[in-house]
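The block underneath contains the structure these notes are about, expressed in structure tokens.
Chain identifiers are assigned alphabetically (A, B, ...) following the order of the sequence lines, protein sequences preceding nucleic acid strands; residue numbering begins at 1 within each chain. As a basis for the values below, the full set of heavy atoms in this structure was taken, side chains included, without hydrogen atoms, waters or symmetry mates.
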Amino acid sequence: MTLRIYNTLSRKKEDFQTLKPGKVGIYLCGPTVYKHAHIGHMVGPVIIDTIARYLKYNNYEVKFVNNITDIDDKLINKATELNTTVEKLATDMTQDYFQNLETMGVDTITDFPKATDYIQEMLDIIQSLIEKGNAYPLDGDVYFSAESDPNYGSLSGRKIEEMIAGTRVEANDKKKNPADFALWKRSREGEPAWDSPWGPGRPGWHIECSAMSRKLLGDSFDIHGGGLDLMFPHHENERAQSECCTGKNYVRYWVHNGLMQASDAPGKVGGQHDRHGDVVVDQEAQEADKLSGSKGAASVKELFAIHPPELVRLFLLSTHYRSPIAFSNENIQETGKGIEGFYRFFETFERITGESFYNLPTSEKREHSVSLEGTPAEYFQQLSELRQRYLEAMDDDFNTGGAIGVLFELRSTLNALIHEQKLDSEGKQNQPMVEALKSGACLLKELSNLLGVFRKASKKEPEADDGLANQLMELVLEIREEARASKNWDIADKIRDGLAACQITVEDRPEGSLWRRG
RNA sequence: GGCGCCGUAGCCAAGUGGUCUAAGGCGGCGGAUUGCAAAUCCGUUAUUCCCCGGUUCGAAUCCGGGCGGCGCCUCCA
């Protein structure tokens, strides 16, 4: 088993080799906490969480850092607009972010550093860069000199000259070179400020990540994640300043996820920066577009009101993480139809074994994967192969889409076992086959848990399920059962059709009728 | 204008030199089962991977050229 991972730096898949054997350091650029998160903000965390799960499964000890940017121009502006303080806004939005992560099942993150707790570390790096001639102070600001880094542009594949040619912004007349970027920004009256050798100010955007990752993961670490849109300028600048400061290789593997896009309109979710050729669309139109939410930029909470979080997670993982993913309620619903089949299987499983799928024991380590010994040969073969294919998919640059395909096949295999052995009816006492089913279900649980799904029962309608509804349904089904017993199909079907109109599906089984919503 | 990504069935999507006469899902069709359904199972649904050339014994996969979609170049995940 060789784990392979695509590295943006080399634009190739590479064998995964950590800096320290058995340990992985991961840094993921986190949100600027000035507004509620939208679904696009969840893509990176869900993907890196899945990668972290898989690495842990492969016996790595994972340190996963996800920063919180709690000082930034956007925060300052938004706080002013809302007539609140930067601190208050940041605290509230950080809470919102944490809640969203929890709902999405992202729980492998070990550290959440806040930018404002690392000002000293940033100042140290800036100071060191000035001393080495990679940065220069200018009127209370400090700029990084892009030209001073011979490797500048290696990550994004851009050359400094080309960047200058492509610059549309009014070139900052003060900077030595338009490609230079701010490490430290002088604060104006009333803005948050920290003392520095260059006067009161606040850190530039890129320096935060360099400082926090260095402090928590060291000068060099293994994986740096983030959206494709951060590759330039953010990651390029981060890499440049870190490497110029430490003289060491900053990151071994750069992992960039594709952006979520609205499927019915061009541009990424949350609004794009429109530019047709050289024509820059005016700012106002862009803002209106973003605020309208018409591109699917609804907050994560609004989305969860429509779709179960587990479904959203599976939807995000159903395509390869480097590909863009088209967001639309229709697309999510289609995934939803697929996920229903798993829920049906879990119900059937419980009916046969009397055990809840969610309580099955699983292994969180590849080397202790569920044993299939004792499983009848024909199923042993199939289950082993499916496990093999799942692991091969994941080993190959975390191909979650391929892995999910295997999960569906695994489900079909188990349903076929149930069907062939009649486990859901007279064959219930067939102990060897029931054991085989349990082993297979354990495997399904182990593999799906790696993707962060089917870990615990997801209540589709937690509030709606009051006792009254259950009582009424019991009564209705009893009446229908009597009608069926006397072959009064008209009445029986009328009841069933009527329930269907109320979004209730009735399923007649030999041992009685079942019902469910949806 | 510069840099980069992508184009696989009705739809979503995996596969990036032979095991591909191309996973899996949704949808469709046929069958088993059922009073009829639902759920489940079985079978079927692309001789072909945007188009045109080329490299190769061999290409969806590599190269060149088109056409089409998208991203970045603006402190956006």
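Within the nucleic acid shown, A:R516 comes within 4.0 Å of sugar-phosphate atoms alone, with no base atom in reach, counting heavy atoms only. Backbone-only engagement by A:H320 is indicated by non-hydrogen atom pairs under 4.0 Å involving sugar-phosphate atoms exclusively. Within the 4.0 angstrom heavy-atom criterion, only backbone atoms of the sugar-phosphate kind lie near A:S412; the bases stay farther away. Residue A:R4 is out of contact with every strand shown, counting any heavy-atom pair closer than 4.0 Å. Across all strands, A:K337 comes closer than 4.0 Å only to sugar-phosphate atoms, never to a base (heavy-atom distances). Using a 4.0 Å heavy-atom distance criterion, A:R509 is classed as making no nucleic acid contact. A:L228 comes within 4.0 angstrom of no nucleic acid atom, judged by non-hydrogen atoms across all strands. A:D508 comes within contact range of at least one nucleobase, with a heavy-atom separation under 4.0 Å. A:G44 comes within contact range of no nucleotide atom at all, as no heavy-atom separation falls under 4.0 Å. Across all strands shown, A:R322 has no heavy atoms under 4.0 Å from either base or sugar-phosphate atoms.
The partner of B:G4 is B:C70, by the rule that a Watson-Crick or G-U pair needs both atom distances under 3.5 Å.
Counting to the nearest Å, the C1' atom of B:U74 and the CE atom of A:M231 are 16 Å from each other. In this structure, CD of A:Q503 is placed 16 Å from P of B:A38, rounded to the nearest angstrom.
Checked against B:A38, B:U40, B:A23, the side chain of A:H419 finds its nearest nucleotide in B:U40.
Between A:F64 and A:Y27, a ring centre-to-centre spacing not shorter than 6.0 Å is recorded.
Between B:A14 and A:N399, no contact under 4.0 Å exists linking OP1 or OP2 to a side-chain N or O.
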